[in-house]
Each structure stands twice: as structure tokens, then as C-alpha cells.
Amino acid sequence: MAGRRPVPVGAAQSEAVAVVEAVENTSYGEGGGSAYLTTRVKTLAPLEGEFGDVLQVTQGVKNGGTPGRYATEDPDRHAVLEPGRPYVIAVQSGSTAGAVGAAGAAGAEAWAWYAEPARRGVAGEREHWQEALTSPPRAAVDSSCADVQEG
């Protein structure tokens, strides 16, 4: 549809996609040159895959310069989950089962490798993503990549 921003190929081909509301940032950690933020989220609308009512979601971040402030390289595609705000997240791995009212088991967090603010509202995001998920964009093949050519 005209005027709609295209859905990234990876997000459209994720194991699970949902509209969630960030409830609270529960932990921040650094290791191996990377930084990670874990946030408890409430599922507002599962769009692809199954989601529990409440789950832990971890995402890669960078320190924003002051305690409790975080940033990402591309905030339009990898928004930092801020409590009280709705987002569309795409999960690459981990558990999306969650548990009603529970913080989730350590190590079972879902890895959100795509997150964007839910600017269309829950109904608007559902419509936009259902359309995108039923006909996801195709990735362009780079013929110079031997891995793609050799399968």
C-alpha cells in the first residue's frame, strides 16, 4: 500500500512477532564487547507465533551515557524498549511462552532482534503486520556471495 514503510525481510520472517507494552527494564549486562538490556513486556497482540501474557525480552543496546539510558545504532528498527510504551517486536530465538504475572525463568528470555514503536495502535499494527507476514518481502540475492550461490 502507498505510504507504508516496508517491513524488513528479517522481521517478516521471524519465528514470532507481537505488539507488546514494555513494563520495566529488569537488567542490563555487558559481556564479550556487547551490552544487553532485558525488559519485562506485556503482550497486547500476538501477530505471528505464540506469546505468553508476560515475558522477558532481551535486546542488544549500547550505553546511553547515563545510568538507565540506553541507545541503539538504528532506533527506527531497533528501538530501546522503554517502560509504558507499545512496540512491535520480532523474536529471533528464546522463549515467548512467558508466564502470567511472572518475570520468566533466567536464561529463557526471548531475543528481540527487531523492535519499533507501535505508532499505528494495536489494531493498525495488526492490520499492517498481518498483510506483511502473509506476503513477506524477498531478500535480494547478491551474486558475488559464494555462500548464496553454493547453497
Side-chain angles (χ1 to χ4, degrees), residues 1-140:
M1 295 184 129
R4 291 196 178 203
R5 201 170 82 195
V7 173
V9 172
Q13 296 174 344
S14 295
E15 292 180 21
V17 178
V19 180
V20 300
E21 179 181 328
V23 176
E24 70 175 322
N25 298 129
T26 58
S27 66
Y28 170 80
E30 296 179 8
S34 297
Y36 307 95
L37 179 66
T38 300
T39 304
R40 185 164 50 99
V41 301
K42 174 175 58 172
T43 302
L44 301 178
L47 305 174
E48 178 82 13
E50 302 211 5
F51 280 80
D53 292 337
V54 176
L55 59 139
Q56 296 278 32
V57 174
T58 299
Q59 65 181 142
V61 297
K62 62 182 182 179
N63 190 316
T66 60
R69 300 297 301 165
Y70 310 101
T72 64
E73 297 295 330
D74 183 356
D76 286 336
R77 307 262 178 191
H78 305 285
V80 176
L81 302 180
E82 296 181 28
R85 297 180 182 220
Y87 297 89
V88 175
I89 62 169
V91 174
Q92 180 180 18
S93 62
S95 174
T96 58
V100 177
E109 298 92 3
W111 179 257
W113 63 288
Y114 176 87
E116 74 173 20
R119 294 185 179 104
R120 300 172 188 95
V122 174
E125 294 294 354
R126 179 181 287 124
E127 177 185 340
H128 173 76
W129 282 86
Q130 289 303 325
E131 179 180 319
L133 292 168
T134 56
S135 56
R138 297 189 51 116

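Note that the coordinates shown come from a computational prediction; the quantities given were computed from them, not determined experimentally.
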Using a 4.5 Å cut-off on heavy atoms from C-beta on, say whether the side chain of [Y] contacts that of [X].
{"X": "Leu81", "Y": "Leu37", "answer": "no"}
{"X": "Thr39", "Y": "Glu24", "answer": "no"}
{"X": "Arg126", "Y": "Leu47", "answer": "yes"}
{"X": "Tyr87", "Y": "Tyr114", "answer": "no"}
{"X": "Glu125", "Y": "Glu116", "answer": "yes"}
{"X": "Lys42", "Y": "Asp53", "answer": "no"}
{"X": "Leu55", "Y": "Ser95", "answer": "no"}
{"X": "Val19", "Y": "Trp129", "answer": "no"}

Looking only at non-hydrogen atoms, find the nearest pair between [X] and [Y] and report the distance.
{"X": "Ala22", "Y": "Val41", "value": "CA-CG1, 4.0 Å"}
{"X": "Val17", "Y": "Phe51", "value": "O-CE1, 3.5 Å"}
{"X": "Ile89", "Y": "Ala115", "value": "CG2-CB, 4.0 Å"}
{"X": "Ala112", "Y": "Gln59", "value": "O-CB, 3.6 Å"}

Note to self: With rounding to the nearest 0.5 angstrom, report the OH to OG distance, Tyr36 to Ser27.
What the structure shows: 12.5 Å
Next item on the list: Drop me the distance from Glu127's CD to Gln130's CD, to the nearest 0.5 angstrom.
Entry: 10.0 Å
Checklist line | Thr96 side-chain N/O to Glu50 backbone N/O, donor-acceptor pair under 3.5 Å | finding: yes
Notebook entry, point to check: Which pairs, with at least one residue in residues 81-93 and sequence neighbours excluded, count as a salt bridge (Lys or Arg N to Asp or Glu O under 4.0 Å)?
Noted result: Glu82-Arg85
Checklist line | Whether over 12 other heavy atoms sit under 6.0 Å from Gln92 CD | finding: yes
Notebook entry, point to check: Please walk me through it: do Thr38 and Thr26 pass side-chain hydrogen bond (donor to acceptor under 3.5 Å, both in side chains)?
Noted result: CA-CA 6 Å; Thr38 300; Thr26 58; 5.1 Å; no
